[in-house]
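The chains referred to below are lettered A, B, ... by the order of the sequence lines, with proteins before strands, and numbering in each begins at 1.
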Number of protein chains: 2
Amino acid sequence: MSSIKEIAKYVGISPASVSIYLNDKNSTRVSAKTKLLIDEAVLALNYHKNVFASSLATQESRIIGIIIPTMLPLFQNDYTNTLLSGIQTRLSAFGYSMLFFPSSAKSSIEIVKEQLEKSAGCDGYILFSTGFCTMDQIRKNITEIEKTGRPFVTLNIPSVPERIHQVLIEGLETASGIPYLISKGHRNIVLLLGRRAGVHARFLKNDFKTRIAAAGIKCDENSIIYGEYDALQAYSAVKEVLETRPETTAICSMSDIMAAAAIKAVQESGRTVPDDISVIGRNNSLHAMLATPSITTIDLNMHQAGLSAANLLLDAVDGNTAPQKIIISGTLIERESVAVR
Amino acid sequence: MSSIKEIAKYVGISPASVSIYLNDKNSTRVSAKTKLLIDEAVLALNYHKNVFASSLATQESRIIGIIIPTMLPLFQNDYTNTLLSGIQTRLSAFGYSMLFFPSSAKSSIEIVKEQLEKSAGCDGYILFSTGFCTMDQIRKNITEIEKTGRPFVTLNIPSVPERIHQVLIEGLETASGIPYLISKGHRNIVLLLGRRAGVHARFLKNDFKTRIAAAGIKCDENSIIYGEYDALQAYSAVKEVLETRPETTAICSMSDIMAAAAIKAVQESGRTVPDDISVIGRNNSLHAMLATPSITTIDLNMHQAGLSAANLLLDAVDGNTAPQKIIISGTLIERESVAVR
DNA sequence: AAAAATATGTTAACCGTTTAATCTACCTTT
DNA sequence: AAAGGTAGATTAAACGGTTAACATATTTTT
């Protein structure tokens, strides 16, 4: 826990010289002899630079704040983890750290406010969307984050003003297996959504209805069920719908985990996937690959989205203020869980 | 981006008063009227506290540095994510942020060094073990982190000096399904390990050999295979071993993902799980629950380990210097992937 | 009415690092 | 030998927030 001053005293020079050398080993403003002495002192005194003091002085921290408005524990969600992984890969490559803030608040707006309160000093932010945010809350969150005056990027948040740097999964609101299932001849599809309140739920529901109607299929409200992006809850929901709607031929799930749970439920009801019931997932996570049968799914390319978000933010931090919107497309991965009707 | 000084000027008082009020809303050193004025100014000027300046002044940051010596992208590994989730839950509850550092280095020691260089100022650290660290490297990493003079906790690192705060999974080095498989009558077991070089690999191998020998079974080197904790690589390794050792009756995998991949491989070779070949996993991740058949596994209680690590560290940050060693036990979860022989 | 207590503020130093502005000694050039 | 460069250092003022010590006005106590 030594400081630059102690190094300076140890060597017998001014703190300025130490700082100059440590920040630029090739500086011509420090003699070769002094450089050696500083190196020695650094080792002898266990010197580690205090990032915070440094950030304060330079007005840049090389730290990016990650804002995830959820009350759930972090690092438990496949989507989010994949995004984070992409973000971290890129940020790390450019020498940036990632900071995750605590929060005890109970609503998405409160969480964002609380987190931002502790965050001034970060070079930029990445704002996630979660199934807990309504469109209205998201707007407020964005206002809040804009007030910091720091650059930021929104991730997968639909209908955000064009002036804001953003990364979107192409039609995330509507990227589902519905068109694919219809094209395979399915007429009796159940839509397995995540959270009722999520920003995307409404879009997905409307899209579902529109497409179903366009295909000349009647749609009843019972064909939309919710699994909270959770295996157990999805399992129960599917078990139930299999009883109430035995005519169902396909389940379109909004996550692979829920799709895997759906397959379990179908199999336990004595039916087979895909012969009796087809199942399609989303995200192309490991679950889709490893399930039996393996799951046909839509790869949302979340890792790429994370990379792009980090790129965008780094650009913005470098002063590039022109708003950019990056759109990542999904890719259909055909496997074994969907049969033709 | 306003500062406390601007708030002070706006209200017409000294910065000290602003700071005092903002840090203690109930302070008696600021009048009710002034409090209101400050609140107003904070809103009007979009004030957000600069954590770094604050950390510098108070000599505590409420930030915990997370050190993960790996070259792989973060947030892609089931074990690590579960641990992180536990850590985050507890840290967040106590108002602590988590900081992840970048690194471009190519060895575990270099990574740790690089990360610590940017980290002075954190209140404490949690040091992970990864399959990339040899025991020797870990020792050096610990020396390095001890030099910071800050409290830290090691997670799942075997054979660490007693003086160091640590959380261990009980016999992580040996917590495998081997005893269970033997007790179920299996005599021809294949051990599916992760990384060759990992700290735990040697322990697991020795433990395997000892137990096999104790059970009076002959052991050949070919019965140990490696899957790099990766689905695809585990799949190939299992495919191969099924051909070279057709007498195999059970596969003991060190992760659920590799177990799920093993099941795929077994099924595709025309055999069934568990009737022809039993498979046991480790970690009790979602994969184990959702696989068909569902996978018997050992729950390592990683989430609890994360919680405990955070607790331990927070204690240490509070000045509790008595070294503690917390040991978390694994729990066997019996499901459908193991049959009696 | 004087003394003591309380309420409300302010001052100024400090946290560790950076950096523009200077300074000094020595070396080149002409 | 004067003028100009350069190498190698230093000084001192930030950065934004905190806090011990001090100050003043107002109220309460005796």
Where DNA chain C forms stems, i.e. three or more consecutive Watson-Crick or G-U pairs with both distances under 3.5 Å: C:1-30 with D:1-30

Whole-Å distance separating the CD1 atom of A:I4 from the P atom of D:dA14: 19 Å

Any residue of residues 29-41 of chain A with a heavy atom less than 4.0 Å from an atom of DNA chain C: A:R29

Nearest-Å distance for atom pair NZ/P, residues A:K5 and C:dC14: 9 Å

Main-chain N/O of A:S85 paired with A:T89 side-chain donor or acceptor, under 3.5 Å: yes

Spacing between A:L56 atom CG and C:dT19 atom P, to the nearest angstrom: 12 Å

Contact list for DNA chain D against residues 7-27 of chain A - heavy-atom distance below 4.0 Å: A:I13, A:S14, A:A16, A:S17

Separation of C:dC14 C1' from B:Q59 CD (nearest whole Å): 9 Å

Touch class at under 4.0 angstrom, heavy-atom based, for B:K49 against every strand present: sugar-phosphate

N/O donor-acceptor pair under 3.5 Å between A:R62 side chain and A:F94 backbone: yes

Side-chain donor-acceptor pair present, B:S2, B:N46, cut-off under 3.5 Å: no

Rounded distance (Å) that lies between atom C1' of D:dG17 and atom CZ of B:F52: 14 Å

All pairs passing salt bridge (Lys or Arg N to Asp or Glu O under 4.0 Å) where residues 123-142 of chain B contributes a residue, at least two apart: B:D136-B:K140

Output field: ring centroids A:F52/B:F52 closer than 6.0 Å: yes

A:S54 side chain near C:dT18 phosphate (N/O to OP1/OP2, under 4.0 Å): yes

Cation-pi geometry met for A:K49 and A:Y47 (6.0 Å, 45°): no

Side chains of B:Y79 and B:N156, donor plus acceptor under 3.5 Å: no

Pairwise side-chain contact, A:Y96 with A:R90, heavy-atom cut-off 4.5 Å (strictly under): no

Listed partners of A:F100 passing ring-ring contact (aromatic ring centres under 6.0 Å, His included), at least two apart: A:F75, B:F100

Beyond-backbone contact of B:L116 with B:I67, side-chain heavy atoms, under 4.5 angstrom: yes

Rounded interatomic separation in angstrom, taking CG from B:N50 and C1' from C:dC15: 13 Å

Donor-acceptor pair between B:Q166 and B:T154 side chains, under 3.5 angstrom: no

B:T34-B:S31 side chain donor-acceptor pair, cut-off 3.5 Å: yes

Give me the distances for all protein-to-nucleotides 24-29 of chain C N/O pairs that come in under 3.5 Å?
none

Exercise: do B:N26 and B:K35 side chains pair donor with acceptor under 3.5 Å: no

